[in-house]
There are 2 protein chains.
Amino acid sequence: MFQLDIRERKPLYEQIKEKMKTLIISGALKSDEKIPSVRELAQSLTINPNTIQKAYKDLETEGFIYSVRAKGSFVTPLEQSKNYPGRDKLKQEFEKIVSELMYLKEPQEQLIALIKNIYEKKEVK
Amino acid sequence: MFQLDIRERKPLYEQIKEKMKTLIISGALKSDEKIPSVRELAQSLTINPNTIQKAYKDLETEGFIYSVRAKGSFVTPLEQSKNYPGRDKLKQEFEKIVSELMYLKEPQEQLIALIKNIYEKKEVK
DNA sequence: CTTTCTGTATCACAAATACTAATACAGTTA
DNA sequence: TAACTGTATTAGTATTTGTGATACAGAAAG
């Protein structure tokens, strides 16, 4: 599914979260699609299942996946993720970064262009 | 200048960085304005000078302040901060967040409106 | 030149937190 | 029952965090 980099100073579970998010956001993983079980992925990456669990737990809290005991973990359908709890936090992060970029005299047109670009790219899929 | 919250689980130097950033970005601290010395602020907040030093060092790396030995630390003028090293990193963060928000079906008009709002507010000052 | 203020660097230590691991528990399915 | 799921508990280690003490270096003021 993907590889981890031990030499990276970033925690393993963070790396897992990022890769998984990328797969979900990019559309490589569809709604309700089953993702590898904690043990499966652990074996595949040669790390401890608990590390996977931590990553999955975070991803669930952030609304990207949902887990069902004895069944597995799955990608959250968009409709359900629309009003997930982390949304406001994300927006606050967004505002913070925009404020900083503004302080650095980044033209707002540039930021708006960036947004449009991102939205267009994904729409094409 | 500001207060810290010991009960906060966030590191002291992180709190200092944030408060200082806010003061700078909001315009409360002007370009080249002198900020408290490491020892001054340490005494004022009743913490160790090394903690302040760590915060200041980070802020300098991020381009918000500059320090001159034996003189003090000062707010980086906007012109100089235009091409500071952390800018690209910030933009990457920006793109990441926008991608996530898009996945959550946040309308791009909403994000654009947010940006305009932030830029307008500060412009008025 | 001496004193006194700046920032900076280094080393050390304790406490807290982060990270990973080992193991056991619990529910579902076949 | 067996074999798969996620989940919870516990534990040990590594890293981060905050602090302290001390020393160095440059600038300003007397």
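A note on names: the letters A, B, ... follow the listed sequences, proteins ahead of strands, and every chain is numbered from 1.
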Length of the [atom1]-[atom2] vector between [X] and [N], whole Å:
X       : N      : atom1 : atom2 : answer
B:Gln15 : D:dT17 : CD    : C1'   : 13 Å
B:Lys34 : D:dA27 : NZ    : C1'   : 12 Å
A:Ile52 : C:dA21 : CD1   : C1'   : 13 Å
B:Lys17 : D:dG18 : NZ    : C1'   : 15 Å
A:Ile6  : D:dA14 : CD1   : C1'   : 15 Å
B:Leu41 : C:dC5  : CG    : P     : 17 Å
B:Ile16 : D:dT19 : CD1   : C1'   : 13 Å
B:Leu45 : D:dT19 : CG    : P     : 10 Å

State, to 0.1 Å, how close [X] and [Y] come at their nearest heavy-atom pair, and which atoms those are.
X       : Y        : value
A:Leu78 : B:Tyr103 : CD2-CE1, 3.0 Å
B:Ser67 : B:Ser73  : OG-OG, 2.8 Å
A:Pro36 : A:Leu41  : CB-CB, 4.0 Å

Is the shortest side-chain heavy-atom distance between [X] and [Y] below 4.5 Å?
X        : Y        : value
A:Leu23  : A:Ile35  : no
A:Ile24  : A:Thr76  : no
B:Ile115 : A:Ile115 : yes

Pairs flagged by salt bridge (charged side-chain N to carboxylate O under 4.0 Å, His left out) wherever residues 93-102 of chain B is involved - sequence neighbours left out:
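For residues 93-102 of chain B, and leaving out neighbouring residues, the salt bridge (charged side-chain N to carboxylate O under 4.0 Å, His left out) pairs sorted by first residue read A:Glu18-B:Lys96, A:Lys21-B:Glu100.
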Write out all pairs satisfying salt bridge (charged side-chain N to carboxylate O under 4.0 Å, His left out) with one or both partners inside residues 25-46 of chain A, taking only residues at least two apart or from two chains.
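Qualifying pairs: none.
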Let me know, please, whether A:Thr46 or A:Val68 comes out on the 5' side of the other along DNA chain C by nearest nucleotide.
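The 5'-side residue here is A:Thr46.
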Check step by step if side-chain contact (heavy atoms from CB on, under 4.5 Å) holds for B:Lys116 and A:Ile112.
CA-CA 9 Å; B:Lys116 287 183 176 170; A:Ile112 293 175; 4.0 Å; yes
I want to check one thing: is the phosphate of D:dT5, taken as OP1 and OP2, less than 4.0 Å away from some side-chain N or O of A:Ser73?
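It does not, given that no N or O in the side chain of A:Ser73 lies less than 4.0 Å from OP1 or OP2 of D:dT5.
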Identify the pairs formed between an N or O of the protein and an N or O of nucleotides 14-19 of chain C at a distance under 3.5 Å, and give each distance.
unit_1	atom_1	unit_2	atom_2	d
C:dC19	OP2	A:Tyr13	OH	2.3

Looking only at side-chain atoms of A:Ser67, point me to the closest of C:dA9, D:dT7, C:dT8.
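Of all the options, the side chain of A:Ser67 is nearest to D:dT7.
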Protein-nucleotides 28-30 of chain D N/O pairs under 3.5 Å:
unit_1	atom_1	unit_2	atom_2	d
D:dA28	OP1	B:Lys71	NZ	3.4

Applying a strict under-4.5 Å side-chain criterion to I, L, V, M, F, W and Y, I'd like to know whether A:Leu12 and A:Ile52 cluster together.
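Yes, A:Leu12 and A:Ile52 fall within the same hydrophobic cluster.
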Check nucleotides 20-23 of chain D for protein N or O atoms closer than 3.5 Å to its own N or O atoms and list the pairs.
unit_1	atom_1	unit_2	atom_2	d
D:dG20	OP2	B:Asn48	ND2	3.4
D:dG20	O6	B:Asn50	ND2	2.7
D:dA21	N6	B:Asn50	ND2	3.0

With A:Lys17, which residues qualify under salt bridge (charged side-chain N to carboxylate O under 4.0 Å, His left out), at least two apart?
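Only A:Asp58, A:Glu62 meet the salt bridge (charged side-chain N to carboxylate O under 4.0 Å, His left out) criterion with A:Lys17.
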